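Heads up, the thing below is written out as structure tokens.
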Amino acid sequence: MLYSAATSLITQVRKPSKLRVWAKRLQDRKGFKKAAVAASRKLAVVMMCIWRDGTDFEPEKELIT
């Protein structure tokens, strides 16, 4: 599911976000599949942090890399 979400983020989403820009740059360097796996892992980390802290997602907030 996370891989599918990352694939959609890279290919379908047009709204600019820091995660999408990061994934697109990674795609240019390493290829689509590696970028999608890396983006899905980053999504998992963000979701885990949100779950653990009990906070809301704020897309404007800086991503931890």
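In this text, all values refer to a predicted model and were calculated from it rather than measured experimentally.
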Can you list the residues that meet the side chain to side chain contact (heavy atoms under 4.5 Å, CB included) rule with V21, with sequence neighbours excluded? R25

K15 and R20: which non-hydrogen atoms are nearest, and at how many Å? O-CD, 4.0 Å

Taking only distance into account, with no hydrogens and no angle test, what donor-acceptor pairs under 3.5 Å do side-chain atoms of residues 3-11 form with protein atoms, sequence neighbours excluded?
{"unit_1": "T7", "atom_1": "OG1", "unit_2": "Y3", "atom_2": "O", "d": "2.8"}
{"unit_1": "S8", "atom_1": "OG", "unit_2": "S4", "atom_2": "O", "d": "3.1"}
{"unit_1": "T11", "atom_1": "OG1", "unit_2": "T7", "atom_2": "O", "d": "2.7"}

Can you get from V45 to L19 by hopping between Ile, Leu, Val, Met, Phe, Trp and Tyr side chains that sit under 4.5 Å apart? no

For L2, what residues pass the side chain to side chain contact (heavy atoms under 4.5 Å, CB included) criterion, not counting sequence neighbours? S40, L43, A44, M47

Please tabulate, for side-chain N and O atoms in residues 29-38, each donor-acceptor pair with protein atoms closer than 3.5 Å (sequence neighbours left out).
none

